[in-house]
Amino acid sequence: MRVVGQPIRKKDAMALVTGKPVYMDDVVSKDSLIIKLIRSPHANALVKKVDASRALKIPGIEAVFTWEDVPGNRFTIAGQTYPEPSAYDRLILDQHVRFVGDAVAMVVGADEQCVDRAMKLVKVEYEVLPAVLDFHEAMDNEILVHPEDDWEAKCPVGADNKRNLVAHAEEEHGEIDRVMSECEVIVEETYHTKANQQAMMETFRSSAYLDEYGRLVILSSTQIVYHVRRIISTALGIPKSKIRVKKPRIGGGFGAKQTAVCEMYPAFVTWKTGKPSKIVYSRVESQIASSPRHEMEMTVKIGAMKDGRIRAIDMYTLSNSGAYSEHGPTTVGLSGHKSIPLYNQAEAHRFVYDVVYTNVLSAGAYRGYGATQGLFAVESAVNQLAAKLNMDPVEIRRMNMLREGEIMPAYYGEPNNSCTLDRCLDRAAELMNWNEKYPCTDMGNGKVRSVGVGMAMQGSCISNIDVGSASLRLNEDGYYTLKISAADMGTGCDTILAQMAAEVLECEIDDVVVYGADTDSTPYDSGSYASSTTYITGKAVEKAGYALREKIIKMAAQMMGESKEQLEFTGQGVNNLKTGEILSLTDIGTASMCGNTMALEVTESNTSPISPPPYMAGMVEIELDKETGHVEILDYVAVVDCGTVVNPNLARVQLEGGLAQGIGMTLYEDISYSERGQLLQNSLMQYKIPTRMDIGNIRSEFCPSYEKTGPFGAKSIGELVINTPLPALTHAIYNATGLWFRELPITSEKIAMGLLEKEQCE
């Protein structure tokens with residue numbers, strides 16, 4: 001291939017690195033009203049009274065809005081295809097506040113100074129209610145997070161607000177109890193992951209204004225323009241035809257902006273006042289009132305024979321959705337559906353889950369979307385099984401892993417059409433020099449070097465749900481316009497989709513101008529999430545490219561007075577095979593503007609009944625100081641099967657960034673609450689994310705398969721890459737210390753104290 005597969009620079013690279021004004025707050029109207037939120041100091045309370053009389057006397061203050069001013073329409077802010085699995089359990093402002101940081105009132109003014117002054121003068125009277133903070137105690141608790149009668153679940157996900165239950169499901173394949181009873185070795189452990197923050201550089205922000213026709217226009221840093229339109233329509237009770245949503249450049253999302261965290265506030269203010277408005281979350285707000293990863297506790301039971309053959313996997317996941325249900329019913333399924341299938345040779349499996357409401361910050365979407373938590377648990381259990389059997393953990397994986405051509409009962413019964421996971425694992429072992437380094441080497445100075453391993457799979461869309469669309473147009477100068485509603489949030493999707501278009505149209509990538517994410521002018525797309533952009537929207541681009549080629553040939557046939565069969569598309573134009581006559585793209589594009597009935601523009605949509613998994617093997621080498629517990633990453637090897645690699649540079653950036661986030665989740669990033677439900681890590685001083693100095697040497701390779709249902713054989717890569725550091729690092733720490741850690745993060749303090757306790761017990 002000429003363009004696909006090439007390491008082409010991102011289309012927006014120079015604009016970003018030279019500081020061009022491309023983000024929301026760069027381009028928003030300078031006379032926008034400023035919105036700030038008064039937030040609840042209580043985990044569960046009723047707002048009895050809001051006294052804004054003194055605040056309203058501050059010059060420049062436009063209004064103070066409370067629950068009494070907003071529509072009473074319940075909605076969800078989860079960016080999901082309608083009908084959303086997440087319950088309709090929110091109001092723009094609610095009299096009942098359900099976590100520390102929940103919005104109580106909007107203070108609106110001409111500038112930040114007057115709004116900050118006014119915020120201090122608003123007096124709020126609360127009736128404090130008892131709260132449920134421990135997700136183990138939430139289900140069937142007498143304290144109800146959502147006692148309201150107008151709570152609504154649009155989908156049958158097993159939800160019941162009168163039980164604090166967001167979702168419940170059970171599935172079973174094979175005779176799990178019988179098979180488990182026949183196993184010679186059992187490993188059963190419980191693993192706990194916390195509500196990690198995406199910590200993207202650009203905080204949540206959104207703005208709104210009314211256009212010349214009185215329509216509400218929302219400019220937002222979002223991954224989901226079409227879903228935002230529906231959410232705002234439901235919340236305000238106005239038709240979608242009166243709403244337009246646009247996306248500027250996004251300064252990072254990682255799933256956080258698959259949730260409409262703040263768009264409803266400027267939408268309401270502008271619709272109410274007729275004036276432009278904006279809200280920009282501080283870093284503290286982005287920590288305490290956002291949409292982090294779901295806290296999960298997973299109990300995994302693996303049954304095997306003494307030769308290492310895994311026969312049964314039994315998994316129960318308890319997920320903490322927090323105060324609202326966003327993404328709760330959907331993230332939890334991935335904890336089992338994208339971990340258990342890795343061991344497809346098992347005869348039986350069972351997967352049961354519950355998702356509960358609590359009075360803490362509500363969770364949402366974060367890269368990996370539940371698979372991250374589940375893979376930590378299952379892969380760690382497999383590593384423990386290998387240790388119990390005194391087997392090489394690489395060998396036990398070779399024996400039990402899924403392979404190409406198999407049907408995957410634990411993955412919705414889908415076929416595994418493209419898979420090089422076995423080769424990924426072998427190559428990773430070769431790069432790491434696994435046979436020599438496993439399990440550890442005592443350096444003789446109180447430090448130990450050890451290695452660990454983990455595998456991962458993800459998906460490439462939500463089967464039978466996600467839709468991607470693309471419009472392609474030939475312009476009069478012979479260049480193309482590609483219009484998409486997928487959101488480039490730093491991933492480079494504008495570039496790789498342009499590469500696909502250029503490949504089909506046999507042109508240079510600079511001949512394809514990309515215009516993205518505007519509900520008025522770009523075709524419907526579910527949005528950039530579920531790893532679907534390359535696979536789903538990419539296929540739509542490929543289809544649109546071939547359809548436009550046919551239209552161009554048809555137009556040339558009319559101009560030449562020839563049949564289409566005599567013509568050949570060349571990339572620069574159309575060649576008449578019989579006469580040798582050539583029409584350039586400029587000739588054809590210009591002719592289409594005069595006396596023509598054929599638009600040289602096409603729109604194609606795409607969906608898929610399957611979600612082909614990408615695969616990855618990861619291995620890490622660490623040096624651990626037994627005195628301090630400090631872990632230094634020396635080397636990380638990652639080998640990925642994402643099908644055809646569309647752009648090696650961008651794929652490698654995805655890979656390295658995901659590994660860094662997985663390392664942070666494993667070693668540093670901690671979430672804790674006070675006794676009254678206050679989130680303690682409310683800034684990047686307390687919430688520690690890794691820097692480049694913390695992630696060691698990363699070596700990455702690709703071991704492509706060919707996915708026949710994907711564009712040019714491609715699958716996804718975006719989410720997969722965060723998943724292997726969790727089990728690999730946990731395994732390496734065990735190999736260095738003999739200690740299994742089953743709760744993240746594994747801080748230096750935990751390691752040092754664990755070693756001290758172990759020493760005292762010996």
Side-chain angles (χ1 to χ4, degrees), residues 12 20-37 62-63 65 69-71 73 75 77 79 82 92-93 106 108-111 115 202-251 253 257-281 469 471 481 483-489 494 514-528:
D12 60 354
K20 298 295 184 184
V22 296
Y23 298 103
M24 190 219 79
D25 210 28
D26 297 327
V27 298
V28 71
S29 173
K30 300 305 179 186
D31 62 350
S32 295
L33 293 172
I34 304 299
I35 304 169
K36 294 197 176 186
L37 301 175
E62 180 81 16
F65 296 115
D69 303 301
V70 301
N73 309 315
F75 61 98
I77 61 173
Y82 182 87
I92 296 173
L93 294 170
M106 286 182 269
V108 184
D111 54 48
V115 172
E202 183 193 36
T203 61
F204 297 97
R205 56 197 59 202
S206 183
S207 63
Y209 64 92
L210 297 181
D211 69 10
E212 57 271 30
Y213 302 106
R215 297 174 70 228
L216 180 64
V217 181
I218 298 167
L219 182 68
S220 183
S221 181
T222 180
Q223 302 169 218
I224 46 163
V225 290
Y226 274 93
H227 292 334
V228 167
R229 186 177 69 175
R230 182 186 64 251
I231 290 165
I232 298 304
S233 171
T234 303
L236 294 182
I238 63 176
K240 296 182 185 68
S241 61
K242 293 186 178 296
I243 303 170
R244 177 185 183 185
V245 182
K246 300 191 295 181
K247 172 203 75 72
R249 306 315 291 176
I250 300 176
K257 294 169 184 176
Q258 192 197 337
T259 304
V261 170
C262 63
E263 284 85 348
M264 60 277 200
Y265 303 119
F268 169 78
V269 168
T270 293
W271 193 249
K272 184 85 169 178
T273 66
K275 299 178 181 180
S277 65
K278 73 173 183 179
I279 189 168
V280 176
Y281 275 28
S469 302
S471 294
T481 301
K483 294 189 288 185
I484 54 172
S485 291
D488 192 329
M489 48 186 158
D494 285 1
V514 182
Y515 182 79
D518 181 338
T519 56
D520 266 14
S521 57
T522 58
Y524 177 80
D525 194 292
S526 305
S528 292

I would like to know whether Val27 and Leu219 meet side chain to side chain contact (heavy atoms under 4.5 Å, CB included); could you show each step before the answer?
CA-CA 9 Å; Val27 298; Leu219 182 68; 3.6 Å; yes
Residue pair Tyr515, Ser521: steps toward the side chain to side chain contact (heavy atoms under 4.5 Å, CB included) verdict
CA-CA 9 Å; Tyr515 182 79; Ser521 57; 3.2 Å; yes
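The CG atom of Asp520 sits 4.0 Å away from the CZ atom of Arg215 when rounded to the nearest 0.5 Å. Going from atom OG1 of Thr519 over to atom OH of Tyr524 covers 12.0 Å, rounded to the nearest 0.5 Å. Considering CG of Leu216 and NZ of Lys242, their distance stands at 10.5 Å, rounded to 0.5 Å. Expressed to the nearest 0.5 Å, how far OH of Tyr82 lies from CZ of Arg230 amounts to 8.5 Å. Ile35 contributes atom CD1, which lies 7.0 Å from atom CE of Met106 (distance to the nearest 0.5 angstrom). Atom OG of Ser206 is separated from atom OH of Tyr265 by 11.5 Å, given to the nearest 0.5 angstrom.
Looking at Val22 and Asp12, their side chains never come closer than 4.5 Å, going by heavy atoms from C-beta outward. Taking 4.5 Å as the limit, some side-chain heavy atom of Ser528 sits within range of a side-chain heavy atom of Met489. For the pair Tyr281 and Cys262, the minimum side-chain heavy-atom distance is below 4.5 Å. Between Trp271 and Val269 the shortest side-chain heavy-atom distance does not fall below 4.5 Å. Residues Ile279 and Leu37 form a side-chain contact, since some pair of their non-hydrogen atoms from C-beta on lies under 4.5 Å apart. Under the 4.5 Å side-chain criterion, counting only non-hydrogen atoms from C-beta, Ser469 is not in contact with Ile484. At a threshold of 4.5 Å between non-hydrogen side-chain atoms, the residues Met264 and Ile77 count as touching. No side-chain heavy atom of Val245 sits less than 4.5 Å from a side-chain heavy atom of Tyr226.
Nearest heavy atoms, Ile250 versus Tyr23: C-CE2, 3.7 Å. Nearest heavy-atom pair, Asp525 versus Ser485, reported as atom, atom and distance to 0.1 Å: CB-CB, 3.5 Å. When all heavy atoms of Ile92 and Pro71 are compared, the closest pair comes out as CD1-CD, 4.1 Å. Nearest heavy-atom pair, Val115 versus Gly109, reported as atom, atom and distance to 0.1 Å: CG2-N, 3.4 Å. The minimum heavy-atom distance linking Pro248 with Ser220 is given by the pair CD-O, 3.2 Å. Summarising the geometry of Ile232 relative to Ile218, their closest heavy-atom pair is CG1-CD1, 3.7 Å, with the distance given to 0.1 Å.
Across Asp211, Val225, Asp518, a single residue satisfies side-chain contact (heavy atoms from CB on, under 4.5 Å) together with Arg244, and that is Asp518. Between Ser221 and the choices Glu202, Glu263, Arg249, the side-chain hydrogen bond (donor to acceptor under 3.5 Å, both in side chains) rule is met once, by Glu202.
Listed for the Gln223 side chain is no donor-acceptor partner under 3.5 Å among the backbone atoms of Gly527. Of the possible polar contacts, one joining the Asn73 side chain to the Ala235 backbone as a donor-acceptor pair under 3.5 Å is found. For the pair Thr259 (side chain) and Val261 (backbone), a donor-acceptor distance under 3.5 Å is absent.
Donor-acceptor pairing under 3.5 Å is recorded for the side chains of Thr270 and Ser277. Looking at Thr203 and Arg205, their side chains do bring a donor and an acceptor atom within 3.5 Å of each other.
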